[in-house]
Amino acid sequence: MKLILPFILLMMTTVTLSGQSVRVMTYNLRFDNPGDGINQWSSRKEKVFNLLQKYQPDIVGTQEALQHQLTDITTHLSTYAYIGVGRDDGNTKGEYSAILYNQEKFEVLEHQTFWLSLTPEVAGSKSWDAAITRVATWAKFKDKKTGKKFFILNTHFDHMGSEARLQSAALIKRRLNALADNLPVIVTGDFNCEPIEEPYLRMTAPADFTLKDAGDGSTTGTYCTFAVAGPPCKRIDYIFYSVKWKASAYLVITDHDGVNYPSDHLPVMCTFVSSKK
C-alpha cells in the first residue's frame with residue numbers, strides 16, 4: 001500500500017496536468033515561391049507534414065502561408081483546421097497569419113483578423129513605414145475535454161519598417177487588453193526583431209498587457225535560411241504568454257534532411273498549463 005498510494009497520486013496529477021495542457025508552435029512556413037528552386041513548396045511540403053506529425057502541436061501560429069499551402073496541410077493532416085484570411089483582401093488573397101488547431105481537441109468560440117495599421121479593420125491597409133501589408137489573427141478557444149477557454153493571437157511584423165514594428169507591438173498590446181476578456185493569452189509570431197530591439201522590448205514591457213517570452217534567455221536562432229550550412233540563425237520568432245499560464249519544454253526544432261530545413265525559419269514550440277493565477 002505504501003508503494004501503490006504515491007503511484008496513484010502521481011498518476012492522478014499527471015492526468016490532470018495533461019488534460020489542461022496546450023502544446024503551441026509558431027512556424028513561418030515560407031510562402032510558395034517558385035523562385036526557391038529545390039525548396040519551393042511542392043518539393044518540401046512533405047517535410048513540413050512529417051514535422052507536424054512528429055511533434056503534434058495542438059495549435060500552430062503560421063506565417064506567410066498561402067491558402068493552398070494551408071489546404072495542403074489540413075488535407076494531409078485532417079485533425080487540423082485553420083482560421084485566418086489573406087492579408088491582401090481579407091478573404092483568400094495573399095499571405096495568411098493563420099492559426100492551425102487540432103479540431104478534435106478544441107472548439108473555436110470566436111475569431112477575427114485585423115490589420116497592423118492605423119485603420120486595423122480596413123482590409124489591405126498598411127501604415128507607418130511598413131513595406132508590406134501585415135495582419136494579426138486571433139481566436140478564443142475552448143478545450144473540449146476540460147472546458148477551459150483561452151485566447152491565441154498570431155502575427156507577422158514587417159521586415160523593413162522599424163517604426164511599423166514598434167507601432168504593431170503597441171497595437172497588439174492594446175488589442176490584447178481589449179479582447180482577451182481575462183482569459184489566459186498566448187501570442188505567436190515572426191516579429192522580425194531580435195530580443196535587444198525595441199519591438200521585442202515593447203512586447204515584453206508591462207504596459208497595457210503583461211507578456212513573458214517562453215524562450216527568455218534562449219540564444220538559439222530561428223531564422224536561418226533554408227541551408228543547414230547557411231549563415232548563423234537570428235532569433236526573431238517568439239511565443240509570448242500571460243501570467244495565467246505556466247510554460248515548459250521550450251524547444252527550437254532543428255530537424256532537416258542533411259542539406260535543407262523544411263522552411264527558412266525553424267519552428268518554435270512550448271507546452272503551456274493553466275496556472276491558478
Using a strict threshold of under 4.0 Å (side-chain N to carboxylate O), is an ion pair present between [Y] and [X]?
X      : Y      : value
Lys105 : Asp58  : yes
Lys126 : Glu163 : no
Asp190 : Arg30  : no
Arg174 : Asp208 : no
Arg165 : Asp129 : no

Between [X] and [Y], what is the shortest heavy-atom contact and its length?
X      : Y      : value
Met203 : Phe157 : SD-CZ, 4.3 Å
Leu166 : Pro199 : N-CG, 3.9 Å
Leu116 : Ala136 : CD2-CB, 4.2 Å
Phe272 : Ala247 : CE2-CB, 3.7 Å
Tyr261 : Cys224 : CE1-CB, 3.9 Å
Ala249 : Thr271 : CB-OG1, 4.3 Å

Does some side-chain heavy atom of [Y] sit less than 4.5 Å from a side-chain heavy atom of [X]?
X      : Y      : answer
Val185 : Val187 : yes
Leu171 : Pro120 : yes
Ile236 : Phe191 : no
Phe151 : Leu179 : yes
Gln69  : Thr62  : no
Lys244 : Asn182 : yes
Leu100 : Ile73  : yes
Met25  : Ile253 : yes

Arg175 vs Glu121, salt bridge (Lys or Arg N to Asp or Glu O under 4.0 Å): CA-CA, chis, key distance, verdict:
CA-CA 12 Å; Arg175 285 292 175 113; Glu121 318 314 327; 2.4 Å; yes

Other cluster members, Phe31 - Ile/Leu/Val/Met/Phe/Trp/Tyr, side-chain contacts below 4.5 Å:
Leu66

Connecting only ILVMFWY residues whose side-chain heavy atoms lie within less than 4.5 Å of each other, what is the rest of Trp128's hydrophobic cluster?
Leu118

How about NZ on Lys234, more than 12 heavy atoms from neighbouring residues, nucleotides or ligands closer than 6.0 Å, or not?
no

Counting only heavy atoms not in Glu110 (residues, nucleotides, ligands), do more than 12 fall under 6.0 Å from its CD?
yes

So does [Y] get a backbone contact from the side chain of [X], meaning a donor-acceptor N/O pair under 3.5 Å?
X      : Y      : result
Ser125 : Ser117 : no
Ser43  : Asn39  : no
Thr79  : Gln103 : no
Asn260 : Val228 : no
Arg235 : Pro195 : no

Same cluster for [X] and [Y] if Ile/Leu/Val/Met/Phe/Trp/Tyr side chains link at under 4.5 Å?
X      : Y      : answer
Leu251 : Leu266 : no
Leu52  : Ile59  : no
Leu183 : Tyr241 : no
Ile152 : Trp138 : no
Val135 : Ile132 : no

Rounded to the nearest 0.5 Å, what separates atom [atom1] in [X] from atom [atom2] in [Y]?
X      : Y      : atom1 : atom2 : result
Gln167 : Arg202 : CD    : CZ    : 9.0 Å
Leu51  : Lys54  : CG    : NZ    : 7.5 Å
Glu64  : Asn33  : CD    : CG    : 9.5 Å
His68  : Thr75  : NE2   : OG1   : 12.0 Å
Lys148 : Thr146 : NZ    : OG1   : 6.0 Å
Arg44  : Asp32  : CZ    : CG    : 7.5 Å

So which pairs with a foot in residues 218-231 pass side-chain hydrogen bond (donor to acceptor under 3.5 Å, both in side chains), sequence neighbours left out?
Thr222-Asp237

Pairs involving residues 83-97, ordered by first then second residue, that meet side-chain hydrogen bond (donor to acceptor under 3.5 Å, both in side chains) (sequence neighbours left out)
Arg87-Glu95

Is the ring pair Tyr200/Tyr238 parallel, tilted or perpendicular, if the boundaries are 30 and 60 degrees?
tilted

With sequence neighbours left out, which residue pairs that include part of residues 97-123 fulfil the ring pair (Phe, Tyr, Trp, His ring centres under 6.0 Å) condition?
Tyr101-Phe141, Phe106-Phe150

Would [X] and [Y] count as having a side-chain donor-acceptor pair, cut-off 3.5 Å?
X      : Y      : answer
Thr113 : Thr137 : yes
Gln63  : Thr26  : yes
Asp213 : Thr204 : no

Quick one: list whatever passes side chain to side chain contact (heavy atoms under 4.5 Å, CB included) with Lys142, sequence neighbours left out.
Glu107, Leu109, Lys149

Go through it in stages, so that I can follow the logic: the residues are Leu153 and Leu176, the test is side-chain contact (heavy atoms from CB on, under 4.5 Å), and I'd like the CA-CA distance, side-chain angles, deciding distance and then a yes or no.
CA-CA 8 Å; Leu153 184 146; Leu176 290 176; 4.2 Å; yes

Trace of the side-chain contact (heavy atoms from CB on, under 4.5 Å) decision for Val259 with Phe226
CA-CA 8 Å; Val259 179; Phe226 283 106; over 6 Å; no

Decide side-chain contact (heavy atoms from CB on, under 4.5 Å) for Ile239 and Cys270; before the verdict, give the C-alpha distance in whole Å, the side-chain angles of both, and the deciding distance to 0.1 Å.
CA-CA 8 Å; Ile239 303 175; Cys270 190; 4.3 Å; yes

Is there a side-chain contact (heavy atoms from CB on, under 4.5 Å) between Ile83 and Gln112? Walk through the geometry before answering.
CA-CA 8 Å; Ile83 53 176; Gln112 206 166 57; over 6 Å; no

